[in-house]
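Encoded as structure tokens, the structure appears first; notes follow it.
Keep in mind that what you see is a predicted model, and the values were worked out from it rather than measured.
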Amino acid sequence: AKLAAAVSLISTLIQFSNHTSERLSRDLAGVDLVVGAKGSPLQLILSSLLHIDIPTGNIPLSDAQNLMRDPLVKTAVPLALGDSFRGFRIVGTNTDVLNLYQVKLEQGLIWTKPQQVVIGSEVSRQLNMKIGQKFVGAHGLSYNEADLATHDHAAFEVVGVLEPSASIVDQLILTSIDSVWHAHDDTVLNGAD
């Protein structure tokens with residue numbers, strides 16, 4: 001009986017290890033280099049690829065554009081991080097992120113203008129969100145919305161839902177970088193919009 005229990009435990013650990021390895025590989029999506037603000041390299045990877053830590057900060061837009069134009073860079077996927085909705089991270093990016101993670105739309109469309117979002121399958125399932133639904137993001141990553149300042153002037157609208165991918169994208173709300181900038185625009189916040 002002890003041998004059977006030991007074999008069962010080892011078998012379970014091997015399966016868990018294999019599943020974790022496969023998931024980590026999907027979430028890292030073959031990315032060779034991550035560029036970000038000065039700080040902890042581990043925090044940069046955790047926040048930008050695995051979306052499980054606080055972002056390290058921004059780099060100047062001109063630096064990002066120079067990297068994106070570099071002929072040695074095959075694909076560059078910009079990320080604007082730091083906001084959330086009910087525990088799910090809002091990620092400003094471009095549509096290259098969909099190719100990076102090899103995800104497709106289950107329904108709807110890809111964003112074409114600011115404040116439109118495409119949500120991951122888990123966001124849709126857990127929050128019961130549908131196409132056409134509007135919501136207001138919150139500044140920060142806290143799960144307690146009462147503690148967060150909201151971006152009431154910059155409501156988002158769901159225009160697409162992604163197919164399940166068994167990757168981190170299932171847990172994300174994707175939009176254009178312009179949308180994130182709009183949510184933080186001082187002229188809008190000061191009523192000069």
Leu67 side, atom CG; Asp63 side, atom CG - distance, nearest 0.5 Å: 7.0 Å
Spacing of CH2 belonging to Trp111 relative to CG belonging to Asn94, to within rounding of 0.5 Å: 7.0 Å
same_hphob_cluster(Met68, Val35) at 4.5 Å side-chain heavy-atom cutoff: no
Stepwise side-chain contact (heavy atoms from CB on, under 4.5 Å) check, Leu105 with Val161: CA-CA 6 Å; Leu105 282 172; Val161 178; over 6 Å; no
pair Val136-Phe156: side-chain heavy atoms closer than 4.5 Å: no
pair Lys104-Ser165: side-chain heavy atoms closer than 4.5 Å: no
Check: Phe88 and Leu127 side chains under 4.5 Å, non-hydrogen atoms: yes
Side chain proximity check, Val117 to Ile90, heavy atoms < 4.5 angstrom: no
Atom CD of Gln107: over 12 foreign heavy atoms under 6.0 Å: yes
ILVMFWY network linking Leu33 to Leu100, side-chain heavy atoms under 4.5 angstrom: no
Stepwise side-chain contact (heavy atoms from CB on, under 4.5 Å) check, Leu98 with Leu162: CA-CA 9 Å; Leu98 303 175; Leu162 296 171; 3.9 Å; yes
Nearest-0.5 Å distance, CG of residue Asp170 to CD of residue Gln126: 10.0 Å
Return all side-chain donor-acceptor pairs below 3.5 angstrom for residues 38-48, not counting sequence neighbours, or 'none' if the list is empty.
from: Ser40; atom 1: OG; to: Leu42; atom 2: N; distance (Å): 3.3
from: Ser40; atom 1: OG; to: Gln43; atom 2: N; distance (Å): 3.1
from: Gln43; atom 1: NE2; to: Ile54; atom 2: O; distance (Å): 2.7
from: Ser47; atom 1: OG; to: Gln43; atom 2: O; distance (Å): 2.9
from: Ser47; atom 1: OG; to: Leu44; atom 2: O; distance (Å): 3.3
from: Ser48; atom 1: OG; to: Leu44; atom 2: O; distance (Å): 2.5

Approximate separation, where rounding is to 0.5 Å, of Asp178 CG and Gln116 CD: 12.0 Å
Atom pair CG (Leu172) and CD1 (Ile119), whose distance is rounded to the nearest 0.5 Å: 11.5 Å
CA sep, side-chain torsions, deciding dist, call: Glu157, Phe135, side-chain contact (heavy atoms from CB on, under 4.5 Å): CA-CA 7 Å; Glu157 179 182 3; Phe135 66 95; over 6 Å; no
Please table the atom pairs, donor to acceptor, closer than 3.5 Å between any side-chain atom in residues 69-82 and protein atoms at least two apart or in another chain.
from: Arg69; atom 1: NH2; to: Asn66; atom 2: OD1; distance (Å): 2.8
from: Asp70; atom 1: OD1; to: Leu72; atom 2: N; distance (Å): 2.7

Shortest non-hydrogen separation from Glu122 to Arg125 and the atoms involved: OE1-NH2, 2.7 Å
Same apolar cluster: Ile110 and Leu174, side chain cutoff 4.5 Å: yes
Flag for Ser176-Ser179: side-chain donor and acceptor within less than 3.5 Å: yes
Pairwise side-chain contact, Val123 with Phe85, heavy-atom cut-off 4.5 Å (strictly under): no
Minimum heavy-atom distance between Ile59 and Ala37, given as atom pair plus value: CG2-N, 3.4 Å
Over 12 non-hydrogen atoms of neighbours within 6.0 angstrom of CG in Asn58: no
Nearest-0.5 Å distance that lies between atom NZ in Lys130 and atom OG in Ser124: 5.0 Å
